[in-house]
Structure formats: C-alpha cells, structure tokens
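All residue numbers refer to positions in the sequence shown, counting from 1. Whatever order the structure lists them in is the order used to number ligands and atoms, beginning at 1.
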Amino acid sequence: MATVRSAAQGILADDNTETREQIIEMLKKAYWMEIETVMSYITNSINPDGVRAQEIVESLQQDIQEELGHAQRFAQRIKELYGVVPGSTDFEAEQTFLQPPDEQTDIVHVIKGVIEAEAGGIEHYNRIIEACDGVDWATQDMVIEILRDEEGHLRAFERFRREFE
Ligand SMILES: [Fe+2]
Ligand SMILES: [Fe+2]
C-alpha cells in the first residue's frame with residue numbers, strides 16, 4: 001500500500017515548518033508592497049501635469065504591469081509553501097511618500113517617492129533572499145530575479161532625479 005508522503009528535503013519538509021512560516025510572512029509583506037506600488041504608480045502616472053512629466057509618466061505606466069506581475073509571483077509562491085494569500089481587508093497602506101503632491105507639476109516629489117518605494121523593496125527582498133539561504137532555493141531564486149527588476153527601477157529613477165534637480 002502506498003503511503004502518503006511529503007517532501008523530505010527543502011522548504012516543504014516537515015522539519016522546516018517554522019522557517020517556512022517565517023518565509024511566508026515575509027512573502028505576504030512583499031505581496032502587499034507590490035500591491036501598494038501598483039496603486040501608487042497608477043496614481044502617479046495619471047496625476048502629473050506638464051511636458052517635463054511625460055517621461056516619468058510613461059516609465060511608471062510600464063512599471064505598473066511589471067509590479068503587478070511581481071505581486072502575482074509572490075502570491076503564487078505563498079500558495080506553493082502551503083500558505084494562504086491574504087484578503088484585501090488585511091491591507092495596510094505605508095507609502096506616505098507617494099501621495100499626490102500639492103502641485104501636480106511637482107514631478108521631483110514623484111521621482112523621490114518612487115526611489116523611496118524601490119529602495120524599500122530592495123531592502124525587504126534582500127532580507128528574504130538571506131532568510132531563504134540554504135533552505136528555500138526556489139523562493140530565493142524568484143526573489144533574486146524580482147530584486148534585479150527593482151534595482152533596475154531604482155537606477156532609472158536615480159537618473160531621472162539627476163536630470164530634474
Ligand atoms: Fe516590484
Ligand atoms: Fe519596482
């Protein structure tokens with residue numbers, strides 16, 4: 001008779017339940033960060049006025065899809081780790097720095113807010129990558145890829161800041 005078994009090694013192993021739950025909590029935070037970034041980038045890709053804002057607006061429009069894809073990947077990985085993707089009432093907003101500026105021509109405010117959001121993501125994703133080391137290679141691999149996207153976003157907006165200030 002065949003016995004029901006689970007993975008004996010890696011993050012799905014029973015021995016790693018505690019670590020797995022810690023990683024799931026970090027992935028939930030990452031998921032919410034991406035969701036809030038999608039909201040903030042929609043807002044800031046539509047509000048700005050002026051010709052100078054055009055390049056920023058177009059860049060954010062592209063990033064919305066990418067950040068949404070990140071949110072979906074984090075959600076998928078939560079599920080794969082025996083977790084449950086949280087419902088919307090668990091959401092708590094944190095991006096005070098990406099609220100609409102007083103003047104919609106204030107594009108530097110938007111650029112600085114985006115840099116703040118990307119830097120926050122980079123810090124959290126580095127923590128996840130470290131937490132996965134030696135125990136959850138697949139999550140680590142996924143988050144390394146996403147980290148690279150965020151580093152690309154950060155660099156793009158650092159270049160915008162230099163140009164606009
Ligand atoms: Fe992202
Ligand atoms: Fe990003």
Engineer: Distance only, no hydrogens: is a donor on one side chain within 3.5 Å (strictly under) of an acceptor on the other, for Gln95 and Ser40?
Structural biologist: yes
Engineer: How about Phe157 and Phe164: are their ring centres within less than 6.0 Å of each other?
Structural biologist: no
Engineer: Would you please say whether a donor-acceptor pair under 3.5 Å links the side chains of Gln54 and Glu58?
Structural biologist: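 Distance-only check passes for Gln54 and Glu58.
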Engineer: Just wondering, more than 12 heavy atoms not from Glu163 lying within 6.0 Å of its CD?
Structural biologist: yes
Engineer: Atom CD of residue position Gln9 - does it have more than 12 heavy atoms of other residues, nucleotides or ligands inside 6.0 Å?
Structural biologist: no
Engineer: Scan for side chain to side chain donor-acceptor pair (under 3.5 Å) pairs involving residues 96-108, sequence neighbours excluded, and state none if there are none.
Structural biologist: none
Engineer: How many N, O or S atoms of the protein are nearer than 2.8 Å to the Fe ion (ligand 1)?
Structural biologist: 5
